[in-house]
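Have a look at the structure below, then the notes.
If you're wondering where the values come from, they're calculated on a predicted model, not measured in any experiment. So that the names make sense, note that chain A is the first sequence line, chain B the second, and so on, each numbered from 1.
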There are 2 protein chains.
Amino acid sequence: MTIGDVAAHAGVSTATVSRVLNGGLVAESTAAKVWASAESLGYSPNALTKSIFAGRSSTIGVIIRDLSSPFYLDLIRGVDEVAAANDSPVMLANTDRRTDREAAQVRAMDQHRVRGLITTADETADPQARRMAANGTPCVLVARTAPGLHSVSLDDVAAGLLMALHLAECGRSRVGVVSGSHRPTQVNRVQGLRQGLAESGLPQPEEVLVENEDEVDGAVGSLLHCVDAVVCTTGRLTVSVHTALTARGLKMPDDIGFLTMDEFPWAGALGISVVAQPSYEMGRRAAELVVEEPAVPERVVFQPTLVARGSCG
Amino acid sequence: MTIGDVAAHAGVSTATVSRVLNGGLVAESTAAKVWASAESLGYSPNALTKSIFAGRSSTIGVIIRDLSSPFYLDLIRGVDEVAAANDSPVMLANTDRRTDREAAQVRAMDQHRVRGLITTADETADPQARRMAANGTPCVLVARTAPGLHSVSLDDVAAGLLMALHLAECGRSRVGVVSGSHRPTQVNRVQGLRQGLAESGLPQPEEVLVENEDEVDGAVGSLLHCVDAVVCTTGRLTVSVHTALTARGLKMPDDIGFLTMDEFPWAGALGISVVAQPSYEMGRRAAELVVEEPAVPERVVFQPTLVARGSCG
DNA sequence: ATGAAAGCGCTAACAT
DNA sequence: ATGTTAGCGCTTTCAT
């Protein structure tokens with residue numbers, strides 16, 4: 001089914017059909033004929049071919065590190081919302097935390113001539129992203145910044161400060177922190193926490209860094225002999241850390257304080273206090289940057305909010 | 001940057017460049033020249049144009065009813081996994097439970113000439129899907145079947161039976177069930193439950209159907225005067241039902257039994273028993289159907305499994 | 001108001 | 001082994 005078939009069926013030229021389909025100047029009567037033909041032939045315009053002329057597709061590319069994380073999920077929902085409102089399909093790729101996949105995925109997005117790219121990938125793929133940006137494809141970094149590229153991120157230091165403040169208010173004095181990686185988000189959150197604790201006149205935290213989820217239990221155990229509160233700087237490890245705590249029979253907030261990052265569906269039911277980031281809004285904003293294509297790199301920073309539910313006292 | 005630019009730079013024809021890029025028969029020396037030119041010009045092949053020739057894109061389309069549901073999330077992960085292994089990008093659309101959006105999204109997928117479509121949409125869009133299927137685009141229904149289309153679904157009746165059996169084994173005698181809609185999955189699960197209870201010599205369940213999450217609390221309340229176990233046939237409402245129960249001070253399993261659908265990250269920590277569906281595997285299988293394009297409509301049915309954690313006794 | 005024709009970036013015969 | 005040429009399905013001048 002091509003535009004040619006429709007043209008033949010309607011007894012007009014392909015140019016006319018194209019005009020009808022795209023709202024050009026055509027006589028009422030011919031337009032009607034064309035619509036009828038298109039209908040009866042079950043014609044479906046080829047979006048791929050259209051994109052060739054535009055030079056790019058209307059698709060928005062999204063590269064996600066970890067599809068199992070609630071944060072990224074909400075991010076996607078936000079992106080999708082804005083994309084849908086702009087008739088832009090969303091092309092999704094999951095690196096599944098395998099950094100070596102990122103380059104290939106960015107390349108794929110580039111080759112599909114996405115209208116813009118929203119990525120949570122590591123620095124590895126930055127040069128490619130920058131090249132895309134130079135060629136007129138807006139690229140938005142999420143949870144990270146880089147020169148020459150847009151970014152949407154959380155004020156991670158503020159998140160750490162918020163945590164420290166809350167712990168201090170709850171009368172906690174010795175805190176242990178579980179972080180998830182060396183990435184800037186994690187480092188900044190811990191830094192904010194340190195700063196906040198210092199400002200509150202509290203001792204610096206005991207820190208463990210955990211890459212793998214199955215190391216959490218041991219790490220938390222090593223923390224426990226000297227702390228009265230455990231904070232977790234990544235939503236990814238919330239379940240594991242919580243489990244490590246409760247498995248030892250510790251009750252919150254009486255035996256131990258617990259504070260973690262990122263809102264999640266069960267937080268309310270479990271009474272777990274969190275420092276939340278507006279992930280859905282961040283997704284929306286990222287997509288808006290793609291749609292609006294600001295000329296100069298924009299760095300959007302969102303503020304975290306504390307949701308106190310009693311797990312710290 | 002087109003193939004023509006590369007050809008000019010390398011002093012060969014576009015055909016030769018195309019051959020080099022796609023592994024045709026070319027002299028080592030020319031190939032080297034071409035690669036060098038492509039490299040230095042930063043050439044990136046246009047996947048859109050390629051698809052024109054193939055007649056279709058390599059993209060797999062996925063339409064999801066509800067991106068916030070863990071079930072669909074795992075499904076996507078499965079799809080993405082197989083898609084990535086086949087160099088197929090994934091195009092994602094979220095209907096956000098607005099049935100009226102489905103038709104437009106299926107149409108968009110069609111117009112983008114997706115290689116195949118995996119959809120959780122309602123019957124509304126079936127005629128379009130069937131037309132696509134007729135034109136050679138494999139369409140896979142998830143959690144639903146329809147004549148002429150592939151499908152991947154759970155044995156929902158078995159899920160209900162499993163629930164009934166477990167409740168009976170735990171000594172529950174009067175069960176209340178919260179279902180989420182009139183869709184076949186829900187109906188079949190309840191039917192399986194009824195059948196299982198009957199076979200176990202237990203009375204038929206008290207049933208409430210809840211469309212909106214904020215009606216859950218009232219609905220559960222209305223159930224409570226006469227039941228010693230509550231089952232929820234949709235993972236979407238697990239949190240709400242659980243909250244409705246605990247908010248009334250009911251302890252599981254002593255005061256009330258609780259059993260719900262779909263595995264979720266906190267189930268272990270909370271000791272909630274569930275009947276799980278292999279969502280990730282289902283996603284994989286759906287994508288495989290797209291890739292393999294079986295000539296006749298295939299109906300893949302997965303079996304649910306009980307994960308007993310003590311919330312029923 | 002409509003058609004003819006050129007061309008978007010690429011591939012695939014068909015030549016040489 | 002490489003170039004020439006004719007498309008793929010569509011848009012867009014430029015004529016008429």
Problem set entry | No-hydrogen, no-angle side-chain donor-acceptor test under 3.5 Å, B/Thr137 and B/Arg56 | yes
Seminar exercise, completed: Sorted by chain and number, sequence neighbours left out, side-chain contact (heavy atoms from CB on, under 4.5 Å) with A/Ala143 holds for A/Thr185
Problem set entry | Side-chain donor/acceptor of A/Ser51 to backbone N/O of A/Ala47, under 3.5 Å | yes
For this session: Encode nucleotides 7-14 of chain C as B, S and - characters from 5' to 3', where the letter depends on protein heavy atoms closer than 4.0 Å: B to the base, S only to sugar-phosphate, - to neither.
Result: BBBBBBB-
Problem set entry | Span of DNA chain D, from the first to the last nucleotide whose atoms fall under 4.0 Å of chain A heavy atoms | D/dG9 to D/dT13
For this session: Scan for salt bridge (charged side-chain N to carboxylate O under 4.0 Å, His left out) pairs involving residues 282-292 of chain A, sequence neighbours excluded, and state none if there are none.
Result: A/Arg284-A/Glu288, A/Arg285-A/Glu288, A/Arg285-A/Glu298
Exercise. Is the closest basic N to carboxylate O distance between B/Arg98 and B/Asp100 below 4.0 Å?
Worked result: no
For this session: Quick one: list whatever passes side-chain contact (heavy atoms from CB on, under 4.5 Å) with B/Ser40, sequence neighbours left out.
Result: B/His9
Seminar exercise, completed: With five pairs defining each end axis, the helix from C/dA1-D/dT16 to C/dT16-D/dA1 comes out bent, to 10°, by 40°
For this session: Scan residues 114-129 of chain A for pairs that pass side chain to side chain donor-acceptor pair (under 3.5 Å), counting only residues two or more places apart or in two chains.
Result: A/Ser88-A/Arg115, A/Asp122-A/Arg183, A/Asp126-A/Arg144
Seminar exercise, completed: What residues 23-33 of chain B contributes to the DNA chain D interface at heavy-atom separation below 4.0 Å is B/Leu25, B/Val26, B/Ala27, B/Thr30
For this session: Applying salt bridge (Lys or Arg N to Asp or Glu O under 4.0 Å), name anything that partners B/Asp74, two or more places apart in sequence or on another chain.
Result: B/Arg77
Problem set entry | Modelled atom types, side-chain donor and acceptor of A/Asp262 and A/Gln277, under 3.5 Å | yes
Problem set entry | Residue pairs passing the salt bridge (charged side-chain N to carboxylate O under 4.0 Å, His left out) test where at least one lies in residues 35-52 of chain B, sequence neighbours excluded | none
For this session: Could you list all the side chain to side chain donor-acceptor pair (under 3.5 Å) pairs where at least one residue sits in residues 25-38 of chain B, not counting sequence neighbours?
Result: none
Exercise. Do any pairs count as a side chain to side chain donor-acceptor pair (under 3.5 Å) and have a residue in residues 59-70 of chain B, sequence neighbours left out, and if so which ones?
Worked result: B/Ser57-B/Thr59, B/Asp66-B/Ser68, B/Asp66-B/Arg97
